[in-house]
Amino acid sequence: MSQTPDRHPIVRITDFDGTRDAARPLDRVENVRAAGAAFRQRMLRGKPVRYYRSMELVRVPYPAKFAYLNGFGTLPPFIHLCNRLFVVQFDSSEGLKTLLVSPSDWEHQRATPFFKRLDESMGAFARLGEALVFRKTATVLERLAEIGLAPEDVDYITYDHLHTQNVTRWLGAHGTAPIFPNAKLLVMRAEWESALSLIPWQNQWYCPGGIDGVPMERVILLDHDVMLGEGVALIRTKGHTEGNHSIVVHTPDGLKVTSENGVSLDAYVPALSKIPGVAEFARVTGAEVILNGNTLEYGIDQYISMVQEKAIAGPNPRDERLPNIAPSSESAGYWLFPRTAPTFSVGDLCYGSLAKRSALKAAA
Ligand SMILES: [Zn+2]
């Protein structure tokens with residue numbers, strides 16, 4: 001079934017079709033590597049986006065054993081994971097579009113079973129524990145106000161996957177008014193269907209009711225890799241979840257690839273990592289990536305997807321040994337979790353200047 005729509009300025013990409021059909025896993029790895037390199041060259045010939053900015057929202061504790069699956073050595077039980085919001089503006093056949101990547105409504109995600117259990121396990125110390133392990137930097141709406149973007153200017157929102165997400169305030173649900181009145185959610189059909197019917201242990205990471213009651217006219221279900229317009233592609237990178245995808249954005253610093261398949265650049269170049277256990281695991285096994293695996297829905301696919309992401313991203317202009325990847329949730333060092341700081345950090349990024357359409361309209 002195909003519903004990648006024609007009525008939107010969204011164009012199907014076929015570069016990766018068939019790359020995962022080979023019977024042998026290592027053949028699939030080499031197929032996505034070759035297709036990724038070719039796609040990269042093709043996309044770099046196009047126009048970059050007008051604006052790209054990533055901003056910290058919140059830092060949350062996350063189990064180290066999932067963050068660096070099988071390679072976490074002697075780390076403390078948790079790392080600190082920094083969730084970022086990405087704001088992207090790009091040209092399309094329907095004019096300028098504004099996309100929010102990973103707008104986590106973190107104030108309304110606490111019902112996610114993993115976080116709920118963490119709260120409960122702190123018992124009487126919950127308030128102190130929360131103050132210690134959660135760092136609340138800014139909400140999505142505060143970040144948008146800071147850069148001067150009006151909620152009605154948002155055309156699309158997307159998440160590399162729906163773990164912990166609650167989109168009901170953004171899009172409206174059960175008849176409530178949406179905060180982003182013009183935004184549509186871009187999501188892979190596999191991820192949407194998955195979130196509607198979770199098996200136990202998968203359900204530990206999805207926010208109950210996180211997509212319930214959202215009107216379907218606010219949701220664009222995708223069945224393929226797509227270009228959204230000039231300089232933005234959504235590429236299926238199954239593995240971390242069934243319907244995972246990566247966001248590829250053409251910036252003045254090359255193609256930035258975003259997902260949560262890896263929690264830091266260390267995960268993509270484990271041989272260079274100084275995090276205890278990571279380089280050793282890579283050396284012993286020959287693994288070229290370390291998975292962020294909390295639900296392990298499709299581990300082999302995730303490995304292949306991370307190789308694919310590296311091939312699309314190419315070298316990082318700041319350090320050619322690293323891939324040009326900007327994780328949507330990036331591990332950050334924290335005194336409470338010693339020796340978990342990544343060897344290489346991406347941090348917040350900013351390119352270009354934001355166009356404020358509502359301000360332009362008001363002036364006209
Ligand atoms: Zn996840």
Side-chain angles (χ1 to χ4, degrees), residues 54 56-72 77-86 101-106 108-118 134 157-167 185-188 190-211 234-247 257-268 289-306 308-309 325-332 340 342 346:
S54 62
E56 173 168 338
L57 295 177
V58 64
R59 296 188 189 194
V60 299
Y62 183 69
K65 64 181 178 182
F66 299 145
Y68 297 102
L69 190 77
N70 299 326
F72 69 107
F78 293 104
I79 65 158
H80 230 195
L81 213 47
C82 170
N83 297 156
R84 285 200 175 87
L85 163 71
F86 298 72
V101 177
S102 218
S104 296
D105 191 3
W106 53 263
H108 298 88
Q109 297 177 180
R110 297 299 287 274
T112 303
F114 168 77
F115 290 124
K116 217 170 156 217
R117 276 190 289 119
L118 195 66
F134 287 88
I157 66 174
T158 197
Y159 303 86
D160 39 82
H161 66 296
L162 292 175
H163 277 168
T164 76
Q165 303 300 343
N166 182 349
V167 302
L185 172 68
L186 294 160
V187 60
M188 292 296 156
E191 187 66 11
W192 183 262
E193 294 293 339
S194 190
L196 289 171
S197 176
L198 299 160
I199 62 165
W201 63 250
Q202 209 183 10
N203 66 14
Q204 293 304 295
W205 292 93
Y206 284 84
C207 182
I211 59 171
L234 306 184
I235 304 292
R236 290 168 299 169
T237 48
K238 174 180 177 174
H240 180 75
T241 63
E242 278 198 271
N244 206 90
H245 71 264
S246 304
I247 298 91
V257 178
T258 290
S259 81
E260 210 179 282
N261 278 321
V263 299
S264 66
L265 293 185
D266 291 53
Y268 290 90
V289 292
I290 305 281
L291 281 54
N292 168 21
N294 50 351
T295 53
L296 273 188
E297 293 187 16
Y298 293 87
I300 290 175
D301 279 300
Q302 187 174 350
Y303 185 100
I304 296 167
S305 291
M306 291 177 75
Q308 182 178 356
E309 288 178 316
I325 283 174
S328 48
S329 294
E330 185 177 31
S331 176
T340 61
V346 178

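Indexing begins at 1, ligand by ligand and atom by atom, following the structure's order.
Here the closest heavy-atom approach between residue P327 and residue T258 is recorded as C-CG2, 4.4 Å.
Atom CG in N83 sits 9.0 Å away from atom CD in E56 (nearest 0.5 Å).
Less than 2.8 Å away from the Zn ion (ligand 1), the protein contributes these N/O/S atoms: H161 NE2, H163 ND1, H240 NE2.
The aromatic rings of W205 and F114 lie parallel to each other, with less than 30° between the two planes, well short of the 60° mark.
Residues Q165 and S104 meet the side-chain proximity criterion, which asks for heavy atoms closer than 4.5 Å. Looking only at side-chain heavy atoms (C-beta outward), V257 and Y268 stay at 4.5 Å or farther from each other.
Of the N and O atoms on the side chains of Y298 and S305, not one donor lies less than 3.5 Å from an acceptor on the other residue.
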